[in-house]
Amino acid sequence: MPSYSRALSCVALALALGACSQSAPRKPAAAPKPVVPKAAVVAPQPDPDAVVQSAVAEPSPVFDEEYHGPDQGSLESVTALFARGYIESAMRETMLAAVHSDYPLLGMRDVRLTDPVAKFLTSAQARTTAHDYLYAGVQRRLGRPLSPSQWEQIWQGFPQQGRVSDWVKQTKRVLAGR
């Protein structure tokens, strides 16, 4: 009897393990789709008006945060600002260029419209720089040359003890023809 019970327990164990290891019932397989015979393959004809493209895609340009325009405070930069009508920025850069001969470490953050002009026109060289930059900028904005005598008359109209903003207002008056 012991052999029967041992054999019976082995069979029961095998059945139990077999029942546990069976996978879940499977879904019925989808009916196969009927095969439709394909028509003869036709090679596409090239379009004579099509634009030829290279097989290799061009790499997208990398964004470069470096400024590539004229140097800040340069005559080219000031005249470009005047040409675009950015009179306040042009005046600030003019004052920066003027003071750079005496104080080269100053930057645009040190030039405010509320600052007195005397802060920047500290020497004869600084005055000459401001004179030349404004002369070139006003001519560029007007789109016509000014004679030296016309410019000297305009230059004398700038308030020597005023603020940078006063010079901006005077410049705008000159450009408006008043």
Side-chain angles (χ1 to χ4, degrees), residues 30 38 41-178:
K38 292 185 177 181
V41 177
V42 178
Q45 296 297 322
D47 183 5
D49 297 327
V51 177
V52 178
Q53 295 179 352
S54 64
V56 179
E58 294 287 327
S60 62
V62 177
F63 180 68
D64 185 4
E65 290 187 25
E66 187 176 328
Y67 175 70
H68 296 289
D71 291 336
Q72 195 171 43
S74 68
L75 181 60
E76 184 183 4
S77 175
V78 170
T79 56
L81 289 168
F82 266 107
R84 289 174 179 79
Y86 300 127
I87 309 304
E88 290 88 359
S89 296
M91 188 63 70
R92 289 180 65 220
E93 284 203 24
T94 297
M95 293 301 159
L96 177 65
V99 79
H100 250 252
S101 59
D102 299 326
Y103 301 101
L105 298 179
L106 290 180
M108 280 302 290
R109 70 182 186 290
D110 301 313
V111 183
R112 293 178 208 80
L113 294 174
T114 56
D115 290 335
V117 173
K119 176 181 175 182
F120 307 106
L121 305 181
T122 55
S123 65
Q125 184 178 359
R127 284 187 145 343
T128 301
T129 301
H131 176 277
D132 295 346
Y133 275 43
L134 290 176
Y135 183 40
V138 168
Q139 287 185 104
R140 177 90 184 263
R141 181 66 184 162
L142 290 175
R144 61 181 168 81
L146 293 170
S147 70
S149 62
Q150 287 175 312
W151 176 248
E152 286 308 316
Q153 186 179 2
I154 293 169
W155 178 253
Q156 296 305 319
F158 286 106
Q160 300 304 310
Q161 298 304 316
R163 298 181 179 277
V164 176
S165 60
D166 298 331
W167 281 43
V168 168
K169 289 175 192 169
Q170 181 62 25
T171 304
K172 287 181 177 180
R173 283 188 205 110
V174 167
L175 294 172
R178 291 184 252 149

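Computed over heavy atoms, backbone and side chain alike; hydrogens, waters and symmetry mates excluded.
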- Say whether, by atom type as modelled, one donor and one acceptor occur between the side chain of Arg127 and the main chain of Ser123 under 3.5 angstrom. no
- Backbone N/O of Leu146 and side chain of Tyr135: donor-acceptor pair under 3.5 Å: yes
- Does any non-hydrogen side-chain atom of Thr171 lie less than 4.5 Å from one of Phe158? yes
- Message: Any carboxylate oxygen within less than 4.0 angstrom of a Lys/Arg side-chain nitrogen, looking at Glu88 and Lys169?
- Response: no
- Query: Which heavy atom of Trp167 sits nearest a heavy atom of Met91, and at what distance?
  - Reply: O-CE, 3.6 Å
- Item | Euclidean distance, Gln160 CD relative to Asp166 CG, rounded to 0.5 Å | 11.5 Å
- Query: Is it true that a side-chain atom of Arg163 and a backbone atom of Val117 form a donor plus acceptor pair closer than 3.5 Å?
  - Reply: no
- Just do the side chain to side chain contact (heavy atoms under 4.5 Å, CB included) check on His100 and Leu105 with the steps written out, would you? CA-CA 7 Å; His100 250 252; Leu105 298 179; over 6 Å; no
- Item | Least distance between heavy atoms, Leu106 atom then Leu96 atom | O-CD1, 3.6 Å
- Query: Counting only heavy atoms not in Gln153, do more than 12 sit closer than 6.0 Å to its CD atom?
  - Reply: no
- Side chains of Glu152 and His131: donor-acceptor distance under 3.5 Å anywhere? yes
- Task: Taking only Lys NZ, Arg NE, NH1 and NH2, and the carboxylate oxygens of Asp or Glu, determine whether Asp115 and Arg112 approach each other closer than 4.0 Å.
- Result: yes
- The residue among Glu93, Gln139, Arg140 that forms side chain to side chain contact (heavy atoms under 4.5 Å, CB included) with Thr79 is Arg140
- Heavy atoms only: give me the nearest Ala126-Leu121 pair and the separation to one decimal. O-CD2, 3.8 Å
- Message: Using every non-hydrogen atom in the two residues, find where Thr94 and Tyr133 come nearest and quote the distance to one decimal.
- Response: CG2-CB, 3.8 Å
- Give the C-alpha distance, both sets of side-chain angles, the deciding distance and a yes or no for side chain to side chain contact (heavy atoms under 4.5 Å, CB included) between Val174 and Val138. CA-CA 8 Å; Val174 167; Val138 168; 4.2 Å; yes
- From Gln150 CD over to Ser147 OG, what is the distance, rounded to the nearest 0.5 angstrom? 3.5 Å
- Task: Taking all heavy atoms of Phe82 and all of Leu134, pick out the closest pair and write down the distance.
- Result: CZ-CD2, 3.8 Å
- Item | Check: Thr122 side chain, Lys119 main-chain N or O, donor-acceptor pair, under 3.5 Å | no
- Message: Counting C-beta onward and ignoring hydrogens, is there a side-chain heavy-atom pair between Val164 and Phe120 closer than 4.5 Å?
- Response: yes
- Message: Any non-hydrogen side-chain atom of Asp110 less than 4.5 Å from a side-chain atom of Tyr103?
- Response: no
